[in-house]
Amino acid sequence: QVQLVESGGGLVQAGGSLRLSCAASGRTFRSYLAGWFRQAPGKEREFVAAISLSGANTRYADSVKGRFTISRDNAKNTVNLEMNSLKPEDTAHYYCAASTSWLRITTTNDEGYWGQGTQVTVSS
């Protein structure tokens, strides 16, 4: 079992940057794919980014490609999301996720693990 705790959210102006971090418990975290999802008010939760076990492979939603970077440190059991050139439409609650399935971690993370999330608000 994996427990995930996010941090780093906040309020930022458009064009600014934020770095989200996710701390995972459990010595088996390196056996899980990891990712970030977000949910804006009135919208469904959506995939943002995912990273493979070693960190060699990543995938991003088209809406964040070129602006966001996902990384992981298996020695520290952490997954990070570096967000640059933020836009008001990036405003959402961001969730850290873990899964054993690449298909699920890059779509809906069904049957996967979730953190409680952290709020990101981008003002115009």
Pairs touching residues 53-89 that satisfy disulfide bond (SG atoms under 2.5 Å apart), sequence neighbours left out: none
Looking at residues at least two apart in the chain, or sitting in another chain, which of them share a side-chain contact (heavy atoms from CB on, under 4.5 Å) with N57? S52
Where do A50 and I70 come nearest, in terms of heavy atoms and distance? O-CG2, 3.7 Å
Ignoring hydrogens, what is the shortest heavy-atom contact between A92 and A40? Give both atom names and the distance. CB-N, 3.8 Å
Once you round to the nearest 0.5 Å, how far does OG1 of T118 lie from CG of L18? 9.0 Å
If you group Ile, Leu, Val, Met, Phe, Trp and Tyr by side-chain heavy-atom gaps below 4.5 Å, do V48 and L86 land in one group? yes
T106: side chain to side chain donor-acceptor pair (under 3.5 Å) partners, not counting sequence neighbours: none
Residues two or more places apart in sequence or in another chain: which of them pass side-chain contact (heavy atoms from CB on, under 4.5 Å) with L103? S101, T107
Is there a chain of hydrophobic side chains (I, L, V, M, F, W, Y, each step under 4.5 Å between heavy atoms) that links L81 to F29? yes
Give the minimum heavy-atom separation between A98 and Y32, together with the two atoms involved. CB-CB, 4.2 Å
Is L33 reachable from Y94 through a run of hydrophobic residues whose side-chain heavy atoms are each under 4.5 Å from the next? no
All heavy atoms of S17 vs all of N84, minimum pair found to be OG-OD1, 2.8 Å
Could you check if a side-chain atom of W114 sits within less than 4.5 angstrom of a side-chain atom of R45, using non-hydrogen atoms only? yes
T91 side chain to V122 backbone, donor-acceptor under 3.5 Å: yes
Non-neighbouring partners of D110 that pass side-chain contact (heavy atoms from CB on, under 4.5 Å), sequence neighbours left out: R104, T108
Are I105 and I51 connected, step by step, through hydrophobic side chains (Ile, Leu, Val, Met, Phe, Trp, Tyr) whose heavy atoms are closer than 4.5 Å? no
With salt bridge (charged side-chain N to carboxylate O under 4.0 Å, His left out) as the rule and sequence neighbours excluded, what pairs involving residues 8-25 come up? R19-E82
Residues in side-chain contact (heavy atoms from CB on, under 4.5 Å) contact with E46, at least two apart in sequence or another chain: R38
Shortest non-hydrogen pair, N80 vs S21, comes out as OD1-OG, 2.9 Å
May I have all residue pairs that pass ring-ring contact (aromatic ring centres under 6.0 Å, His included) and include part of residues 42-66, sequence neighbours excluded? F37-F47
Sequence neighbours excluded, every pair satisfying salt bridge (charged side-chain N to carboxylate O under 4.0 Å, His left out) that has a member inside residues 63-80: D62-K65, R67-D90
Separation between OG1 of T100 and OH of Y113, rounded to the nearest 0.5 Å: 8.5 Å
Residue list, ring-ring contact (aromatic ring centres under 6.0 Å, His included) with F68, at least two apart or on another chain: none
Can you list, pair by pair, the side-chain donor-acceptor contacts under 3.5 Å of residues 3-12, counting residues two or more places apart and other chains?
residue : atom : partner : partner atom : Å
E6      : OE1  : Q116    : N            : 3.2
E6      : OE1  : G117    : N            : 2.9
E6      : OE2  : C96     : N            : 2.8
E6      : OE2  : G117    : N            : 3.1

How long is the gap from CZ on R30 to CG on N77, to the nearest 0.5 Å? 7.0 Å
Taking atom NZ of K87 and atom OG of S124, what is their separation to the nearest 0.5 Å? 14.0 Å
In Å and rounded to the nearest 0.5 Å, what is the CG to CG distance from N74 to L53? 8.0 Å
